[in-house]
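Shown next, in structure tokens, is the structure this report addresses.
Worth saying up front: this structure is predicted, and the values here are computed from it rather than measured.
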Amino acid sequence: MGKFISLSIPNFEGNERKYVDDAIDQGWVSTGGAYITKFEQELAKFLHVENVAACQSGTSALHLSLVEAGVRPGDVVLVPPLTFIAAVNPVKYQFATPVFVDCDDSFCMNPLKLKSFCEEECEWDGGVLKFNGAAVKALVVVHVFGNMADMEAIMEIAEKYNLKVIEDATEALGTKYTEGKYKNKNAGTIGHFGAFSFNGNKIITTGGGGAIIANDPKVTDHIRFLSTQAKTDPHYYIHDEIGYNYRMTNLQAALGVAQMEELPEFIRRKQKNYELYKKLFEDFEYGSLMPFRDGTDSNKWFYSINIDRSCISASMKDIIIALHKKKIETRAIWGLINEQKPYESAVTYKLEKAPYYANRILNIPSSTQITEDEIKYVADEVKHLLRSLANG
Ligand SMILES: *Cc1c(COP(=O)(O)O)cnc(C)c1O
């Protein structure tokens, strides 16, 4: 293999340059312009929702969702320990308190543990759920790697305890249920809020960017209002609320409109490449390719090898470095958020699966440009390396 095989790089095979040039030619490069509206409309159409607010990043999408959910200083928000830290940091921006609830085998929030946390650790007065005297206001569910959390179970618990559900559907753009109560519903359209990021490594990118959906289209309008400094009257500079500079720019949106044209093809390739990896890892002794949740049609954004730790004790770092020498970029799943410095003293609830997977999951190349030969090469080299490390 001559070429370095990247983990997850953007793909600009479509109209990206044409639309960005057009935005520049028109002089609309900032937070006004037709591409922003067009991008919002295309995303709304794709997700079968009425209203989408485009914003500056996934992080800002999550922050505005928490603001709109009414999360205030001192409130408790239930969060996942095994995901990208951007899903949790906005809880701190609101001076609220994150409590970490374990994941299940999809890496997403474990509904059984969520339920037992609410039942056994909290007090319920019929209106507000309280943990150590603080109101539990919301939970952030991340649909990890293209998976979908068990939303039916999670929504049932949230409805019972008046919790606002914020879905971080960044990694699951295009993933939907194929059966059950939420059949044909897309990730990000089931909870009270859905947040997306379009950073460079996501399935589509706007360079940097994000989007928010609220289950009430009027709330989405209000989020858009907050994202542009809450201009009650834009001509006379009247502001009745605290706003943010969180709006997507027209340049980003121009890129996004082109990417939306290609999204179905990107998903098709991700799904096809996953099937090939699956075949190649089928009978492998020292690791397996993680499946996606039954009853969903996943975008299969990111691929995870579950390394058999009963035979292989080598550190993730050594594995990643060895594969890098073979011109293959891999990465470890995230470090647990509750173990990061700012969260060391946070409350955790029955973390078992999260630390288990944190030490086992290796992500392998998943870019949409990857060729069949490259996939075969990656599988061969990963298997060869893990075999050589087994029982060593
Ligand atoms: C990338 C990512 C984010 C962060 O989005 P930004 O646009 O980088 O702020 C948040 N949540 C998840 C699950 C992500 O993968």
Side-chain angles (χ1 to χ4, degrees), residues 1 4-9 80-85 100 102-110 142-149 171-172 201 270-271 273-294 298-340 348 350-367 370 374-392:
M1 267 302 140
F4 185 77
I5 304 172
S6 302
L7 187 70
S8 179
I9 52 170
L82 188 61
T83 190
F84 185 46
I85 200 162
F100 292 90
D102 203 17
C103 61
D104 62 17
D105 293 307
S106 72
F107 309 132
C108 306
M109 190 174 276
N110 186 323
V142 181
H143 301 301
V144 175
F145 296 158
N147 249 310
M148 175 99 89
E171 301 179 1
N201 62 335
K270 295 259 185 194
Q271 292 174 335
N273 292 340
Y274 176 82
E275 292 308 317
L276 181 54
Y277 270 128
K278 194 167 130 189
K279 218 172 75 199
L280 296 168
F281 279 99
E282 214 147 48
D283 297 316
F284 182 51
E285 325 82 283
Y286 301 115
S288 58
L289 187 67
M290 288 294 285
F292 292 86
R293 184 181 294 284
D294 286 341
S298 166
N299 69 0
K300 301 205 164 72
W301 174 64
F302 232 48
Y303 313 136
S304 310
I305 299 293
N306 185 7
I307 295 171
D308 184 350
R309 284 300 187 191
S310 65
C311 315
I312 297 167
S313 57
S315 73
M316 274 296 174
K317 195 170 165 192
D318 286 346
I319 293 170
I320 289 164
I321 290 170
L323 288 168
H324 196 92
K325 287 191 183 131
K326 298 288 179 185
K327 297 189 175 179
I328 298 168
E329 186 183 13
T330 55
R331 53 157 254 198
I333 199 171
W334 307 273
L336 295 175
I337 299 174
N338 54 290
E339 290 178 359
Q340 311 301 318
T348 61
K350 293 195 177 164
L351 302 191
E352 287 144 343
K353 294 275 184 188
Y356 173 89
Y357 284 119
N359 182 37
R360 268 157 222 260
I361 296 298
L362 180 77
N363 294 120
I364 55 176
S366 66
S367 307
I370 196 168
E374 286 171 337
I375 290 174
K376 286 178 187 154
Y377 171 76
V378 169
D380 278 348
E381 291 297 333
V382 169
K383 288 198 279 191
H384 179 74
L385 175 71
L386 293 182
R387 279 190 189 118
S388 76
L389 293 171
N391 303 312

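Residues Thr330 and Asn363 are not in side-chain contact: their nearest non-hydrogen atoms beyond the backbone lie 4.5 Å or more apart. Looking at heavy atoms from C-beta onward, Phe292 lies out of side-chain contact with Met148 at the 4.5 angstrom threshold. Between Ser304 and Ile333 the shortest side-chain heavy-atom distance does not fall below 4.5 Å. Side-chain contact check for Leu82 versus Val144: every heavy-atom pair is 4.5 Å or farther apart. Using a 4.5 Å heavy-atom threshold, the side chains of Tyr356 and Arg309 count as separate. With contacts defined as side-chain heavy-atom distances shorter than 4.5 Å, the pair Leu362/Leu386 does not qualify.
Between the CD1 atom of Ile328 and the OG atom of Ser6 there is a distance of 11.5 Å, given to the nearest 0.5 Å. Atom CD of Glu339 is separated from atom CZ of Phe100 by 10.0 Å, given to the nearest 0.5 angstrom. The OG atom of Ser366 sits 10.0 Å away from the CD1 atom of Ile9 when rounded to the nearest 0.5 Å. Atom SG of Cys311 is separated from atom CG of Leu389 by 11.5 Å, given to the nearest 0.5 angstrom. The distance from the CG atom of Leu276 to the CG atom of Leu280 is 4.5 Å, given to the nearest 0.5 Å. The line from CZ of Phe84 to CD of Glu171 is 9.5 Å long, rounded to the nearest 0.5 Å.
Partners of Phe4 by ring-ring contact (aromatic ring centres under 6.0 Å, His included), not counting sequence neighbours, listed by chain and number: His324.
Side-chain N/O atoms of Asp105 and Tyr357 include a donor and acceptor closer than 3.5 Å.
A side-chain contact (heavy atoms from CB on, under 4.5 Å) with Val382 is found for exactly one of Asp380, Leu385, Val378, namely Val378.
Asn147 places a side-chain N or O within donor-acceptor distance of the main-chain N or O of Ser106, the cut-off being under 3.5 Å. The closest donor-acceptor contact from the side chain of Lys300 to the backbone of Asn273 lies at 3.5 Å or more, if one exists at all. The backbone N or O of Leu7 lies less than 3.5 Å from a partner atom in the side chain of Glu329, making a donor-acceptor pair. With Asn110 contributing its side chain and Asp102 its backbone, the two residues share no donor-acceptor pair below 3.5 Å.
Note on ring orientation: taking the six-membered ring where Trp is involved, the planes of Phe302 and Phe145 are tilted (angle from 30° to 60°). Classification of the Tyr286-Phe284 ring pair by plane angle, with boundaries at 30° and 60°, yields perpendicular.
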#### Entry: side-chain contact (heavy atoms from CB on, under 4.5 Å) evaluation trace for Tyr303 with Lys270
CA-CA 9 Å; Tyr303 313 136; Lys270 295 259 185 194; 4.0 Å; yes

### Task
Assess whether side-chain contact (heavy atoms from CB on, under 4.5 Å) is satisfied between Tyr274 and Leu289, documenting all intermediate values.
CA-CA 9 Å; Tyr274 176 82; Leu289 187 67; 3.4 Å; yes

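Heavy atoms only, all atoms of each residue included: Ile85 and Gln340 are closest at CD1-CG, 4.1 Å. Across all non-hydrogen atoms, the minimal contact from Pro365 to Ile370 is CB-CD1, 3.8 Å. Between Asn338 and Pro81 the shortest heavy-atom distance is OD1-CB, 3.3 Å. Between Gly146 and Ser298 the shortest heavy-atom distance is O-OG, 2.8 Å.
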